[in-house]
Amino acid sequence: MATDTLKSTSSADSATGGLRRLLLDNGALTALIVLVVAMSALSGDFLTTDNLLNVGVQAAVTAVLAFGVTFVIVSAGIDLSVGSVAALSATVLAWSATSHGVPVLIAVLLAVVTGIAAGLVNGFLIAYGKLPPFIATLAMLSVARGLSLVISEGSPIAFPDSVSHLGDTLGGWLPVPVLVMVVMGLLAAFVLARTYIGRSMYAIGGNEEAARLSGLRVKKQKLAIYALSGVFAAVAGVVLAARLSSAQPQAADGYELDAIAAVVIGGASLAGGTGKASGTLIGALILAVLRNGLNLLNVSAFWQQVVIGVVIALAVLLDTLRRKAGATPVAGASQGGKGRQAATYGLAAVVTVAIVGATSVLHNGSSSTANPKVGLSLSTLNNPFFVQIRSGAQAEAKKLGLDLTVTDAQNDASQQANQLQNFTSSSLGAIIVNPVDSDAASNSVKAAGKAKIPVIAVDRGVNKASVDALVASDNVAGGELAAKTIGEKLGGKGKIVILQGQAGTSAARERAQGFANGLKAYPGIQVVAQQPADFDRTKGLDVMSNLLQAHPDVQGVIAANDEMALGAIKALGSKAGKSVSVVGFDGTPDGLNAVKDGTLYASVAQQPSQLGKIAVDNALKALQGKKVEETIKVPVKVVTKENVAGFTG
């Protein structure tokens, strides 16, 4: 009897332990299943063919980058440069093919060689220069990004049509980026499991000194490992640029963190020695499903960052628990282990399909009588100007009874493309877009047009694509007004500096063009320096402080927005509004307060709340099939201390 009880208890413990081990060994897969089921339950727009393909497309670039980073992390290294290398490779391709007439095939090879060269430099600094991987790749992050900006002169470069097809679909339904992701994933899996260098990665990551004493040429292997990471970064950059139809010098900014997160979430250990391509793919899909689902649920982009941070922390915690529990390493599994793994994946797929299918039936059974839905994709919400556009749009949507979903692209053209894809695949009646870049938004706007969804552009237009209406003030004309204002204030003579916006954005280019046009009428005005401060107040303070060291006798400042102007005022101190006149742009609340105080001489105000309001009005008209004007201009106004009291914005 006691023996039977003991056997029964042992069996139960064994079953519990087996389940625990299964969950620990397949934590990322379990998390992906839970996420898919949860998003299917919470949003009826998630489980559609178009949206699931969107998830694949949105995961593609991160996954390809992450496959390369997997090699590095398995060997106990780190690569922070992959995002910048991706941007540099794409820029080299576009620059050589369009500006210098290099045949496209050779231009693609140049892009790949660029990635290899960057990887080899990383590997050389780490293996032979004895620099920590963190420092070496951090330096390459800055160098590659800087070279991308230098080559492109801060502006996007149109991609050759023959390469842009990488962003299209095969047979009208299979996205090419997904196909590239699968091919690169299979290649990564082959390298890790079937090649000498793959086995070397695990050996170096497990114990570098033991690997060296075993006869492994560790230094040469590290060169190859980082070169491989550069190749995958180059491919990811080409795919990303193809999606955007242009090489963006600021593209893939921060993607290195997503790539590392995907690898860690997928089960690799930052301590090295473990990791696999399938786990990395699952990690990239988890990040894509999270962002896609949270967009569909209208969760703030700021909260999305919080959620993703929590997921990464949980992934690392799971890795710690797995190692403490002695879970099976992911390297070099036996045939029996591979069979069990395949069975696990198969069972997971069956369970997921069953639960998601049931959820889909529930959604189909419920009727929707909600208000008309409109999506608003803003370039950023880290700037008061765009916050005011959102406020004006939200107030008007509430007044009209519209359900308005607002997303924040965080000045990332690729992220905005993802958001617009999500809007297109969900049940939205109309889309309002404030493009990060006018060229990069074109493919997404074309896709919305094919889906018969009206698109209204606000503040910035969309190139190479048709929109129902453009609601904007004229940035070039506004720049000319700013130049005229400073010219008249200084009596046509004096030294000034110009604080430019974020390199690569259309607003920065157009306002800079306006400044240049307007200053032609004042030959006595000397521009002693022009530097970008990225539309940011802190950077405006830092850049202006530096420029004052070289040009202490400056008499005027033109800033491409009020945030940079306010930073310049802080740097100028008591000089602001007295010996130095500062002109800003946008007419934000803080800017107008500075005008009242006299520290900011003037701001070229665009009435952003009106932009948001008018955009929503026209979106509703287009949704109802009513005729809308192609261009609706909201006038800009120079606001000074004399008229600021009567300005409402």
Side-chain angles (χ1 to χ4, degrees), residues 83-84 87-88 91 138 141-156 247-257 301-302 305 378-389 408-416 434-438 440 459-460 475 478-479 482 497-516 527 529-548 557-572 582-586 588 590-591 594 600 603-604 606 608:
S84 296
L88 175 60
T91 302
L138 183 63
L141 177 153
S142 181
V143 169
R145 184 68 64 184
L147 287 174
S148 178
L149 289 166
V150 168
I151 293 170
S152 66
E153 297 182 349
S155 300
Q248 305 276 327
Q250 294 287 6
D253 188 20
Y255 279 35
E256 56 278 349
L257 300 181
F302 304 142
Q305 294 300 312
L378 289 167
S379 57
T380 181
L381 284 173
N382 292 331
N383 184 308
F385 176 78
F386 299 106
V387 172
Q388 287 181 280
I389 289 181
D408 173 12
Q410 299 179 330
N411 277 327
D412 183 342
S414 175
Q415 189 166 329
Q416 184 165 64
N434 161 235
V436 172
D437 180 82
S438 299
D459 185 49
R460 303 165 185 166
N475 276 317
V497 300
I498 296 176
L499 298 183
Q500 301 166 324
Q502 185 174 18
T505 61
S506 58
R509 296 196 304 272
E510 291 166 3
R511 293 177 190 185
Q513 181 186 338
F515 298 155
V527 180
Q530 298 187 63
Q531 289 292 325
D534 297 346
F535 292 128
D536 182 80
R537 189 181 303 197
T538 302
K539 290 184 180 179
L541 167 60
D542 293 341
V543 171
M544 192 67 214
S545 297
N546 295 337
L547 292 177
L548 283 173
V557 177
I558 301 177
N561 79 339
D562 286 345
E563 286 294 287
M564 294 187 296
L566 293 170
I569 287 169
K570 190 71 174 176
L572 289 164
V582 182
V583 175
F585 208 115
D586 284 344
T588 63
D590 284 352
L600 182 63
S603 178
V604 179
Q606 294 194 82

Enquirer: Kindly indicate whether the side chain of Leu547, heavy atoms from C-beta on, has any atom under 4.5 Å from the side chain of Leu499.
Expert: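 Yes; the side chains approach each other to less than 4.5 Å.
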Enquirer: Report the distance from atom CD of Glu153 to atom OG of Ser148, rounding to the nearest 0.5 Å.
Expert: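 The distance works out to 12.0 Å.
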Enquirer: Mark yes or no for whether Ser545, through its side chain, and Leu541, through its backbone, hold a donor-acceptor pair below 3.5 Å.
Expert: yes
Enquirer: Which pair of non-hydrogen atoms, one from Val436 and one from Ala409, has the smallest distance, and what is that distance?
Expert: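 Nearest heavy atoms, Val436 then Ala409: CG2-CB, 3.8 Å.
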Enquirer: Does some side-chain heavy atom of Met544 sit less than 4.5 Å from a side-chain heavy atom of Leu548?
Expert: yes
Enquirer: So do Arg537 and Asp590 actually touch side chain to side chain, heavy atoms under 4.5 Å?
Expert: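 Answer yes - side chains close enough.
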Enquirer: Taking the side chain from Arg145 and the backbone from Pro249, do they hold a donor-acceptor pair closer than 3.5 Å?
Expert: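 Yes, because the side chain of Arg145 sits within donor-acceptor range (under 3.5 Å) of the backbone of Pro249.
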Enquirer: Decide yes or no on side chain to side chain contact (heavy atoms under 4.5 Å, CB included) for Asp253 and Asp412, but give the supporting numbers first.
Expert: CA-CA 8 Å; Asp253 188 20; Asp412 183 342; over 6 Å; no
Enquirer: When rounded to the nearest 0.5 angstrom, what is the spacing between CG in Asp408 and CD in Gln415?
Expert: 7.0 Å
Enquirer: Which pair of heavy atoms, one from Thr588 and one from Gln388, lies closest together, and at what distance?
Expert: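 It is CA-OE1, 3.6 Å.
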Enquirer: Counting only heavy atoms not in Gln305, do more than 12 fall under 6.0 Å of its CD?
Expert: yes
Enquirer: Taking the side chain as everything from C-beta on, heavy atoms only, tell me whether Gln606 gets closer than 4.5 Å to Val604.
Expert: no
Enquirer: How far does CG of Asp534 sit from CG of Asn411, to the nearest 0.5 angstrom?
Expert: 9.0 Å
Enquirer: OG/Ser379 to CD/Gln502 distance, rounded to the nearest 0.5 angstrom?
Expert: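 Rounded to the nearest 0.5 Å, the OG-CD separation comes to 9.0 Å.
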Enquirer: Of the non-hydrogen atoms in Ala87 and Ala251, which two are nearest, and what is the gap between them?
Expert: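 Taking Ala87 first and Ala251 second, the nearest heavy atoms are CB-O, 3.5 Å.
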Enquirer: Would you check if Phe585 and Asn475 make a side-chain contact, meaning some heavy-atom pair closer than 4.5 Å?
Expert: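 A side-chain contact exists here, since the closest heavy-atom pair is under 4.5 Å.
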Enquirer: I'd like to check Phe515 versus Val527 (side-chain heavy atoms, cut-off strictly below 4.5 Å). Are they in contact?
Expert: no
Enquirer: Is there a donor-acceptor pair closer than 3.5 Å between any side-chain N or O of Asn561 and the backbone N or O of Met564?
Expert: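 Confirmed, Asn561 side chain pairs with Met564 backbone.
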Enquirer: Can a donor-acceptor pair be found between the side chains of Ser152 and Thr91 at a distance below 3.5 Å?
Expert: no
Enquirer: Atom CG in Asn434, atom CG in Leu378: separation rounded to 0.5 Å?
Expert: 5.5 Å
Enquirer: Between Glu256 and Ser84, what is the shortest heavy-atom contact and its length?
Expert: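 Result for this residue pair: OE1-N, 4.3 Å.
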Enquirer: Do Phe386 and Asp459 come within less than 4.5 Å of each other through their side chains, counting heavy atoms only?
Expert: yes
Enquirer: Considering non-hydrogen atoms only, spot the tightest contact between Gln416 and Pro435 and give its length.
Expert: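 Reported closest heavy-atom pair: OE1-CA, 3.3 Å.
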Enquirer: Locate the shortest heavy-atom distance separating Val543 from Ala533; write the atom from each residue and the value.
Expert: CG2-CB, 4.2 Å
Enquirer: Side-chain contact, heavy-atom cut-off 4.5 Å: Leu600 with Ile569?
Expert: yes
Enquirer: In sequence, state the C-alpha distance, the side-chain angles, and the governing distance for Glu563 and Phe535, and then conclude on side chain to side chain contact (heavy atoms under 4.5 Å, CB included).
Expert: CA-CA 6 Å; Glu563 286 294 287; Phe535 292 128; 5.9 Å; no
